[in-house]
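It should be emphasised that the depicted structure is a prediction, and the values quoted were computed from it without experimental measurement. In each ligand, atom 1 is the first atom listed, and ligand 1 is the first ligand listed.
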Amino acid sequence: MLCSVSASGGSLSKIFSLFVMSWNDYRRLPQAIIIGVRKCGTRALLEMLYLHPGIQKAAGEVHFFDRDDNYDKGLDWYRKKMPHSFKGQITIEKSPSYFVTPEVPERIRAMNASVKLLLIVREPVTRAISDYTQLRSHASSSSSPLPSSTTGGWTGSSGGWTGSSGGWTGSSSGWTGSSGGPPPRSFEQLAIRPDGSVNSAYRPLALSIYHTFMHRWLEVFPRQQLLVVNGDRLIEDPVSELERVESFLGLEHRIGRHNFYFNRTKGFYCLRNDTQDKCLRDSKGRKHPRVDPKVLGKLRRFYVEHNQKFYELVGEDMGWPEK
Ligand SMILES: Nc1ncnc2c1ncn2[C@@H]1O[C@H](COP(=O)(O)OS(=O)(=O)O)[C@@H](OP(=O)(O)O)[C@H]1O
């Protein structure tokens, strides 16, 4: 049968499937969606899941549910953005800004009330610093405009992966302009107000207050339809975190230690399938700036109450540090 694929032959089967499917337009709406959170490892999660023979992934960030101009194009437009798949395979897409966009939960439910949702989170202060690092990197290269979308996630990929949009930019980022403007402000300057209080309006900090977005999802979807993936654990020990995801998606456990090797230069695990070894590109795993430990402590204390609210909503304690 065409759809019986082996773990070791996962990617060969996927290539074969593309060949066969070119005769039929078997593109399916996603049965699972990675809804965010931005800078928590959404790309790594998608690429790692794609090691499984039962998964097909959309190439870029589709941004169907969060952008009105895309949503207005309708479900058939969305379906055509999906890869070819066999019956029985799970199609997944990731668009990190779904999590924070108010209209998205209802729109996804209108498409498929039983869709499975994957939410990947990281320790909130680390996530905020990652966000700051990306904004700073984009600002410093603002003379060469950013691409508007993403199409993949590998280094050296012939698909020409060109960067990450993450879903928003803008004045609240705290950047004052491109080349020729004042020097970029430090994370500390943006995160802490002159009076010493936490600047919770600073967008990278606001996006890490997860409960303010989470409650909307739980008003629309039952808790068991959403898996909270631990992005810090995905970095440290991808296999054990992916086992949880495989179980949640109803997949056999096929992704194993043989699918990963640690790249010392990059400081992250890279991925291996039966045909190639690949690391995520340089925009994934950027070096973060050193942040004043006093500021780190202040921010961690600021998030304690917010993290607690998030734990209560999802019924899981992520164990994030309190100082
Ligand atoms: N294996 C592996 N290789 C490289 N990077 C990894 C990996 N696993 C998780 N991560 C973390 O993914 C972070 C980027 O998150 P996202 O892909 O969600 O970013 S984005 O919102 O799509 O821009 C990225 O954040 P930064 O470290 O700040 O760059 C990584 O920490």
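The shortest N or O to N or O distance between Arg38 and ligand 1 is not under 3.5 Å. Residue Lys284 has at least one nitrogen or oxygen atom sitting less than 3.5 Å from a nitrogen or oxygen atom of ligand 1, judged on distance alone. Between Ile235 and ligand 1, no pair of N/O atoms sits closer than 3.5 Å. Between Gly41 and ligand 1, at least one pair of N/O atoms sits closer than 3.5 Å.
The part of Met48 lying near ligand 1 is the side chain, judged by heavy-atom distances below 4.0 Å. Counting heavy atoms closer than 4.0 Å to ligand 1, residue Arg122 contributes side-chain atoms (C-beta onward) but none from N, CA, C or O. At a heavy-atom distance under 4.0 Å, no atom of Glu236 approaches ligand 1. Neither the backbone nor the side chain of Pro238 has any atom closer than 4.0 Å to an atom of ligand 1 (non-hydrogen atoms only).
Checked for salt-bridge contact, Glu236 and Arg233 miss the test: no charged N lies under 4.0 Å from a carboxylate O. No salt bridge links Lys81 with Glu93; every basic N to acidic carboxylate O contact stays at or beyond 4.0 Å. Between Arg244 and Glu241 a salt bridge is recorded (basic side-chain N to carboxylate O distance below 4.0 Å). Between Glu47 and Arg43 there is a salt bridge, since at least one side-chain N of the basic residue sits less than 4.0 Å from a carboxylate O of the acidic one.
Between Trp77 and Tyr71, the distance separating the two ring centers is not shorter than 6.0 angstrom. Residues Tyr269 and Tyr261 keep their aromatic ring centres 6.0 Å or farther apart. Checked against the 6.0 Å centroid criterion, the rings of Tyr78 and Phe65 qualify as a close aromatic pair.
Close approach of ligand 1 to Cys40 is summarised as follows: ligand atoms under 4.0 Å from at least one heavy atom of the residue are 15 (O), 18 (O).
Atom 30 (C) of ligand 1 has its nearest heavy-atom neighbour, among Phe260, Tyr132, Phe268, in Phe268.
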